[in-house]
J.: 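Structure below; questions to follow.
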Amino acid sequence: MTATLDREIPAPSVSTVPEEPPAKRGITRDQVMELGAPVLSAFAIVFLVFHLTEWNAPLGFAACWFLGFVTIYGILVRQRHGAVIAKDKLATVTILAAAAVALIPLFLIFFFVLTKGFQALRAAFPHFLTHDMRGVTPTDPVRSAGMKHAIIGSLEQVGLATIVTVPIGVLAATYLNEVGGRFAAVVRTIADSMTGLPTIIAGLFVYSFWVKPRHTNGASGFAAAMALAIIMLPTIVRSSEEVLRIVSNNLREAALALGAPEWRMVLKVVLPTARAGLVTASILGVARAVGETAPVLLTAFGTSDTNWNPFKGVQSDLPIQIYQLIKLDLDHPVAEAWGAALLLVFIVLTLFTLARILSSLGPGGK
Amino acid sequence: VLIAIGAIVIFLLSQSGPAWAHQGLRLITTQSWAPRSAKPSFGFLGPLVGSAFIAVIALVFALPIALATALAINEYVPRRASRALTALVDLLAAVPSIVFGLWGLFYLDPHLRSSMRWLGNHASFFPPFRLVGTNLGNSLFVAGLVVGIMVLPIVASISREVMSQVPRDQCEAALGLGGTRWGMITSVILPFARNGIVGAAMLGLGRAMGETIAVSIILIGDNRINTHILQPGGGSISALIVSEFRGSGTLEQSALTVAGLTLFAITLAVNLIARAIVARGSNGSR
């Protein structure tokens, strides 16, 4: 829309260069040259400088290349089109480049987690999923490692946290949206700022109020689940509220007009309509909790044994296990950590994809 | 929710009593962290400054790129591509922080060392880049960079939302008067979205200050103030808590709780102010 508008408008400050006929669609050869020439010439100059001075700095090279490109391109388009258009073109190039830069870490991370993680998984498959780390020393080969205890821990802790937070979260969101009022505004503000709270605080809190008073029995999967619940709750409340807000007011009024009391209206009309969206909100909350490390470290402590009972005794989970392996800082544990990271990313990605699919089915999806 | 937050504050306050009695305000104003000495002292000024450094470095990287991403999604790329871009940015937000830490420590840090040496040798006119000795890596710079990548999606998505609330007819009016797209952005979108962008940046700041695991993996846990950001050293509050908490005595735990409470207060204040600014901006007060 804006792009076509942009093209049909003649340049406001016409330079001495004769105007070419406006390009219709696609990219002309002239445009390719205009972009390509500065890219190449900047590369040549910066490469020469770096080569002659024997500097070795990939990041510095990229930065200098980009700066050189912007300078040359700027001079070029200024000569050809005048200052106003030149500014616009420079901005376009810079913005698109920066947006591309934003994606680089994403691809790098996924690439490394996939390649390194698969190495560990392949070396110890299916052992990696069916055994725990009992008796495995840091010098043992990756082959002998297993993540069963961590997977069990992650599932149980997050599962418990989900059971507690989803009903409370949805109820609170319903309250915020359907009842409202001054108090609701206060709750909303606080829930909002709690979503940005350092997660370690949740761990500290559960430690001081649950783990510490119980001495040796305190640390458990359940304590970790409480910490995770504190982290998940505000996220779920806020995103559920967004979903509920989308539910059409006509539906609400129709239900009320038919004589339904307000609680029936909410229960039978609003919540079912928003079901898909609410599920999405919950899944996103779960996805966030699965990856949390700091709070569970203070509340479940971690262990290398399999502990099925989340209510008694220390328990591990995937993030704790990764953290402990990294801290050993030896080759084999780090390889195992990549393997565990792959499992974790896989879980998060699955949840995330599920949430996307469900949200495209829901009322707010379109 | 209210009960939860009230309980958090009360319990943390009750925990922090012993350390407070032990040292009082010197907890925050001194930087000697020596829990195991005969006369233990728990000054966490160092990590506090470290947290601030990390947050600032993170924002220096994240803010321009996040704004550009938001603009690209809203104004520049075609619709299908912008939807894909949004999904990818959201995906970046979903990556667990421990995975960021793993990647930062074993990939980013080694690959950045030569660049950091170059920066130290040729940009030392900027004091923080000055090098003392030859050690590199495990630095506040790398930690800040990783945290910057982590807050990028948050800042990007909030500023995108704010920018998309700019009335479309005003944008089209700017274009219709013969302005370029960049002219439209500077004269219509940015002024309109200014409050929202400031708020988004502050939310990112709060996130960056509280980030724990990635930072504690990358830094090596030194609790003095370190102004040479390319070199090892420096800490952050949350990293301090996570690495020291287990196996520490009652007094030290109490001191760590005070540290946590300080962080809590700072981030809560930053978040509340940021939300207020965002809310005012999106009401279309201009």
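Chain letters run A, B, ... following the sequence lines, proteins first, then strands; residues in each count from 1.
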J.: Counting only heavy atoms closer than 4.5 Å, note whether A:Val334 contacts chain B via side chain, backbone, both or neither.
T.: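 Looking at A:Val334, just its side chain touches chain B.
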J.: Applying the side chain to side chain contact (heavy atoms under 4.5 Å, CB included) criterion to B:Val99, which one of A:Val113, A:Val348, A:Leu342, A:Thr293 satisfies it?
T.: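 Going through A:Val113, A:Val348, A:Leu342, A:Thr293 one by one, the side chain to side chain contact (heavy atoms under 4.5 Å, CB included) with B:Val99 is satisfied by A:Val113 alone.
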J.: Name the one of A:Leu318, A:Leu344, A:Ile320 that satisfies side chain to side chain contact (heavy atoms under 4.5 Å, CB included) with B:Ile98?
T.: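 Output: one option passes, namely A:Leu344.
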J.: Relative to chain A, which segment of B:Leu92 carries a heavy atom at a distance below 4.5 Å: side chain, backbone, both, or neither?
T.: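 Both parts, backbone and side chain.
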J.: Is B:Leu102 in contact with chain A via its backbone, its side chain, both, or neither, using a 4.5 Å heavy-atom distance?
T.: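 Looking at B:Leu102, backbone and side chain both touch chain A.
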J.: Measure A:Leu349 against the heavy atoms of chain B and call it side chain, backbone, both or neither at under 4.5 Å.
T.: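 The answer is the side chain of A:Leu349.
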J.: Return the CH2 to CG distance between B:Trp103 and A:Leu108, rounded to the nearest 0.5 Å.
T.: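 These two atoms lie 5.5 Å from each other.
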J.: Could you look at A:Lys89 and say if it's the side chain, the backbone, both or neither that has a heavy atom under 4.5 Å from chain B?
T.: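 For A:Lys89, there is no contact with chain B at all, as no heavy atom is under 4.5 Å.
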J.: Taking atom CD1 of A:Ile109 and atom CG of B:Leu108, what is their separation to the nearest 0.5 Å?
T.: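 Rounded to the nearest 0.5 Å, the CD1-CG separation comes out at 9.0 Å.
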J.: I'd like to know which of B:Val146, B:Asp90, B:Ile154 tops the heavy-atom pair count under 4.5 Å against chain A.
T.: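 Highest number of pairs under 4.5 Å: B:Asp90.
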J.: For chain B, find which of A:Ala341, A:Ala100, A:Ala102 contributes the most heavy-atom pairs closer than 4.5 angstrom.
T.: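 Going by pairs under 4.5 Å, I would pick A:Ala102.
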J.: So for B:Phe106, is it side chain, backbone, both, or neither that comes closer than 4.5 Å to the heavy atoms of chain A?
T.: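 For B:Phe106, the side chain is the part near chain A, not the backbone.
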J.: In terms of heavy-atom pairs under 4.5 Å, which option from A:Leu106, A:Ile322, A:Leu90, A:Val345 contacts chain B the most?
T.: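 The candidate making the most pairs under 4.5 Å is A:Leu106.
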J.: Could you grab the distance from atom CD1 of A:Ile95 to atom CD1 of B:Ile73, nearest 0.5 Å is fine?
T.: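 Here the rounded value is 12.0 Å.
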J.: To the nearest 0.5 angstrom, please state how far the OG1 atom of B:Thr69 sits from the CG atom of A:Leu96.
T.: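 Taking OG1 in B:Thr69 and CG in A:Leu96, the distance rounds to 10.0 Å.
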J.: Identify which part of A:Leu297 has an atom lying under 4.5 Å from any heavy atom of chain B, answering side chain, backbone, both or neither.
T.: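 Contact with chain B: backbone and side chain both.
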J.: So which part of B:Ala87 gets closer than 4.5 Å to some heavy atom of chain A, the side chain, the backbone, both or neither?
T.: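 Both backbone and side chain of B:Ala87 come within 4.5 Å of chain A.
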J.: Just give me the residue among A:Ala294, A:Ala98, A:Pro319, A:Ala99 that pairs up with chain B most often, heavy atom to heavy atom, under 4.5 Å.
T.: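 The option with the most such pairs is A:Ala294.
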J.: Can you tell me how far the CG atom of A:Leu103 sits from the CG atom of B:Leu88, to the nearest 0.5 Å?
T.: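 CG of B:Leu88 is found 5.5 Å from CG of A:Leu103.
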J.: Report which part of A:Tyr323 has an atom under 4.5 Å of a heavy atom belonging to chain B: side chain, backbone, both, or neither.
T.: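 Both parts, heavy atoms under 4.5 Å.
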J.: Calculate, to the nearest 0.5 Å, the distance between atoms CD1 and CG belonging to A:Ile201 and B:Leu263 respectively.
T.: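 That separation rounds to 5.0 Å.
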J.: On a heavy-atom basis, which atom in B:Arg181 and which in A:Asp88 lie closest, and how many Å separate them?
T.: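 Nearest pair, atom of B:Arg181 first, then A:Asp88: N-OD1, 3.4 Å.
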J.: In the structure I gave you, are the side-chain heavy atoms of B:Phe264 and A:Leu204 within less than 4.5 Å of one another anywhere?
T.: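 A side-chain contact under 4.5 Å is absent here.
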